[in-house]
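Residue numbering restarts at 1 for every chain, and letters A, B, ... go by the order of the sequence lines.
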There are 2 protein chains.
Amino acid sequence: MTGKQNEEAAPPLVLEDFIPYRLNKAAEAISRRFASQYRDEYGLTRPEWRTLATLGQFGALSATAIGAHSSMHKTKVSRAVFSLEQRHWLKRKRDEADRRTEHLELTPAGRKAYQLLATMAHNYETELFARLGERGAKELKAGLSALEAYYRQGR
Amino acid sequence: MTGKQNEEAAPPLVLEDFIPYRLNKAAEAISRRFASQYRDEYGLTRPEWRTLATLGQFGALSATAIGAHSSMHKTKVSRAVFSLEQRHWLKRKRDEADRRTEHLELTPAGRKAYQLLATMAHNYETELFARLGERGAKELKAGLSALEAYYRQGR
DNA sequence: TCTATTTAGTTGCATTTGTGACGATCTTTT
DNA sequence: AAAAGATCGTCACAAATGCAACTAAATAGA
């Protein structure tokens, strides 16, 4: 498992032990698995899925609010909204008080898709927790919480 | 903290609690911080940094091996190698037994850069652990290990 | 009230990434 | 030993992403 390291002066960095690398790889692997589900079933991209999930959770939001809540860039949201609109999964309503903003809301079809996808998500997570074991799952959540607390407050 | 949820039939999915989402966001945040260091100091991209780190750790590898070890796509590695070669941080040696493969190895300059970057990486991690606290760090590592054990073996 | 600044969302452009095809080389099969 | 298949690395092309400029609309300041 441990490859031969380089015989040099300074501290050797073992990539497989380096937290940013491990996190990236884990996130990649775990997300990819779930992503392949909604991609294969619905042809959804990740930004589209996130937008759908956010709207499903909150009911009606502006594009900016979706971005803020799901940490996506303006343009990503914009394109995802466009795409979901074309599927007739959401509709836009111009805010009459502030006519720059539009309120995005799932259509019945969109809501239906959301239900199915949310169920898939729950199942995925349930299975994941089962495989991690009670202990692993607990540690993972705790570790993530610690990380979130860290980067949530600047620096 | 808990937003108002949608009054619908099925299980509501709370995105901020969903593991794939949390993992992604955490990985993104943590990587970005470190990435900005090597980007600002050396103008390195992430694939370049990973390639450098892998070669620094193992000494001499083929492009394919780098990709396998650091989970990067062929073409990403190919481009990173090209770029590092242009900086004169690595050199290629054609394998005489199998002339398709090339063995990549850091030059003295490359090794020097690697030393500095590895040190930066260690410092970053040390600071991260300090901020997470002993407990948080321990949980994070344990959680990651559980995840790795999960996805390492197929399925 | 008129101007300057800010905000919401979209679009064009440059950069990055992935996909598929490719030439070259090696391996396997027949 | 000839043909078929696999593997290594690269390239051309297409898709996804981010950045900056933009329009439209609201707000703040003079």
If I take atom CZ in residue A:R39 and atom P in nucleotide C:dG18, what distance separates them, rounded to the nearest angstrom? 13 Å
Do NZ/NE/NH1/NH2 and the carboxylate oxygens of A:E134 and A:K138 come within less than 4.0 Å? no
Checking all strands, does A:A65 fall into the base, sugar-phosphate, or nothing category for heavy-atom contacts under 4.0 angstrom? nothing
Picking from D:dG9, D:dC19, D:dT10, the nucleotide nearest the side-chain atoms of B:S78 would be D:dT10
By nearest heavy atom, map A:E28 and A:H103 onto DNA chain C; which one lands nearer the 5' end? A:H103
Looking at the rings of B:Y124 and B:Y38, which for Trp means the six-membered one, are their centres under 6.0 Å apart? no
Taking any heavy-atom pair under 4.0 Å as a contact, classify B:T45: base, sugar-phosphate, or nothing. nothing
How many whole angstroms separate atom CD of B:E48 from atom P of C:dT15? 14 Å
Gap between atoms CD and P, on B:E102 and C:dT25 respectively (whole Å): 13 Å
If you check every side-chain atom of B:A63, which of D:dC19, D:dA16, D:dG9 has the closest atom? D:dG9
Nucleotide D:dG9, atom P - distance to CZ of B:R100 in whole Å: 9 Å
In terms of the nearest nucleotide of DNA chain D, which residue is placed more toward the 5' end: A:D95 or A:R46? A:R46
In whole angstroms, how far is the P atom of D:dT10 from the NZ atom of B:K76? 16 Å
Nearest to the side chain of B:P47, which nucleotide is it out of D:dC19, D:dT10, C:dT17? C:dT17
With heavy atoms under 4.0 Å as the rule, sort B:R92 into base, sugar-phosphate or nothing. sugar-phosphate
Between A:K74 (NZ) and D:dA21 (P), how many Å, whole number? 13 Å
Give the nucleotide from the list C:dT17, C:dG9, D:dG9 with an atom nearest to the side chain of A:T101. C:dG9
Quick one: is the NZ or CZ of A:K25 closer than 6.0 Å to the six-membered ring centre of B:Y151, and within 45° of its axis? no
What is the separation between atom CE on A:M72 and atom P on D:dG18, rounded to the nearest whole Å? 10 Å
When we call it a touch if two heavy atoms are under 4.0 Å apart, what does A:A80 touch: a base, just sugar-phosphate, or nothing? nothing
A:R79 CZ to C:dC13 P, in whole Å, measures 13 Å
On the ring face of A:Y150, is B:R33 found with NZ or CZ under 6.0 Å from the centre and within 45° of the axis? yes
Closest to the B:D98 side chain: C:dC26, D:dG9, C:dC13? C:dC26
Would you say D:dG9 has OP1 or OP2 under 4.0 Å from some side-chain N or O of B:T64? yes
Applying side chain to side chain donor-acceptor pair (under 3.5 Å) to B:Y21 and A:S71, what does each step give before you reach the verdict? CA-CA 10 Å; B:Y21 173 71; A:S71 2; 2.9 Å; yes
B:E125 versus A:I19, closest heavy-atom pair with distance: OE2-N, 2.8 Å
Looking at C:dT7, I'd like to know if its phosphate oxygens (OP1 or OP2) sit under 4.0 Å from a side-chain N or O belonging to A:R99. no
